[in-house]
Number of protein chains: 2
Amino acid sequence: MASPTPTAPAQKITTESLRGSLGFLLRVAQLRSFGHFFAVMGDEEVRPGEVTVLDLIRENPGIRQGMVSKTLKIKRAQMSKMIREMEREGLVARSVPEDDRRAIELRLTKEGEAMIAAITARFPEIERRTQAALTPAEGAELRRLLIKLNGLDKTKGEDSDDPDDER
Amino acid sequence: MASPTPTAPAQKITTESLRGSLGFLLRVAQLRSFGHFFAVMGDEEVRPGEVTVLDLIRENPGIRQGMVSKTLKIKRAQMSKMIREMEREGLVARSVPEDDRRAIELRLTKEGEAMIAAITARFPEIERRTQAALTPAEGAELRRLLIKLNGLDKTKGEDSDDPDDER
DNA sequence: TTTATTTTGTCTACTAGGAAACAAATAACA
DNA sequence: TGTTATTTGTTTCCTAGTAGACAAAATAAA
């Protein structure tokens, strides 16, 4: 043996196995998209999760906290903290419906509306950067595949093969 | 006004805006894939990150800690903890090369080899579950698109439009 | 050589998120 | 009706991951 120790040259490494892992590819892609989010939103003091929450409430005024949690795959405990903070900041209003006094309905305040409007205005730029390496057709196809992968294309509710489901 | 408060019926909500967000779609997909990972690996005491680290070291014996960190997009601080723990568990061996005494080269121990072998044996099942909703052709296309999106198809090193880059 | 700059890994907070126990309200059931 | 089970949100504790300062070694510059 010419080389006594099997040491990689530190420049060229192989990632064969990694490329085969959908989980790894998804994780990296997600980290990149978050990076683009912060690059574009840098000055605004918001996080990706908060934005999706605000946007979902905007689209569904009066939606229940638990439904937001389920839709966005955010744990209820975390949602509880997040909403409390947003209420403190004056972005969302919470109200208890009279027909079910356990639940909490969420609506945006004026400030919340303004905030999410300002933010969504920058969405296209984030999307553009995120899929910059792809052709428009590839970007569209990627979306379609992810929607299908996530079971978001079904009109029916229960997919139930979802391992992240809280049972 | 017939309906005094614009309250959503709590069953049917719309997620129009969310579906348009690649970041959200990626996040949900990634959560699902992690869910499948734990469902299949349930009995083994390993996390997705640890598995990718072990697998990368197996493929590149003697790889430096920093290179693992960069390749897997794991922060160096976190990598430091992770490797220390793995060394304690007897899975990896660390050695300081004589030509650069700052660096640390990583190799798998016998136990590490056995561990990652047992784990990778279950990879196909995880992959199968993760892309169960897609046809084989769609799964392959999704991989291809993610690899391209992540810039992993380029042989050259620097992409540099990567916002997650530690500068 | 001496001095600055960069690289590499570690350490010390700090934050986001998760698990599990909990309380209150509702629903299901005898 | 009373009793049990489920749903809904909250609280507390814990872990994974991040940011930033740090030390040591290597490199570049004087």
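Chain letters run A, B, ... following the sequence lines, proteins first, then strands; residues in each count from 1.
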Contact list (N/O, under 3.5 angstrom) for nucleotides 13-16 of chain C vs protein:
unit_1, atom_1, unit_2, atom_2, d
C:dA16, OP1, A:Arg47, NE, 3.0
C:dA16, OP1, A:Arg47, NH2, 2.8

Over how many whole Å does the gap from [X] atom [atom1] to [N] atom [atom2] extend?
{"X": "A:Arg64", "N": "D:dT10", "atom1": "CZ", "atom2": "C1'", "result": "17 Å"}
{"X": "B:Met79", "N": "C:dT10", "atom1": "CE", "atom2": "P", "result": "11 Å"}
{"X": "B:Ile74", "N": "C:dT10", "atom1": "CD1", "atom2": "C1'", "result": "16 Å"}
{"X": "B:Met86", "N": "C:dT10", "atom1": "CE", "atom2": "C1'", "result": "17 Å"}
{"X": "A:Lys75", "N": "D:dT10", "atom1": "NZ", "atom2": "C1'", "result": "16 Å"}
{"X": "A:Ile83", "N": "C:dG17", "atom1": "CD1", "atom2": "P", "result": "13 Å"}
{"X": "B:Gln65", "N": "C:dT7", "atom1": "CD", "atom2": "C1'", "result": "14 Å"}

Would you compute the distance between atom CZ of B:Arg47 and atom CE of B:Met41 and round it to the nearest 0.5 angstrom?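 Taking CZ in B:Arg47 and CE in B:Met41, the distance rounds to 13.5 Å.
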Given C:dT8, D:dT8, C:dT10, identify the nucleotide with an atom nearest to the side chain of B:Ile104.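 So the side chain of B:Ile104 is nearest to C:dT10.
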Judged by modelled atom types alone, do A:Glu59 and B:Ser17 share a side-chain donor-acceptor pair under 3.5 Å?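 The criterion, which ignores hydrogens and geometry beyond distance, is not satisfied for B:Ser17 and A:Glu59.
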Do B:Arg143 side-chain atoms and A:Gly20 backbone N/O form a donor-acceptor pair below 3.5 Å?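 Pair found, side chain donor or acceptor close to backbone of A:Gly20.
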Select from B:Arg27 and B:Arg94 the residue whose nearest nucleotide in DNA chain C is closer to the 5' end of that strand.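 Nearest nucleotide further toward 5': that of B:Arg94.
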Distances for protein N/O vs nucleotides 20-29 of chain D N/O pairs under 3.5 angstrom?
unit_1, atom_1, unit_2, atom_2, d
D:dA26, OP1, B:Arg101, N, 2.8

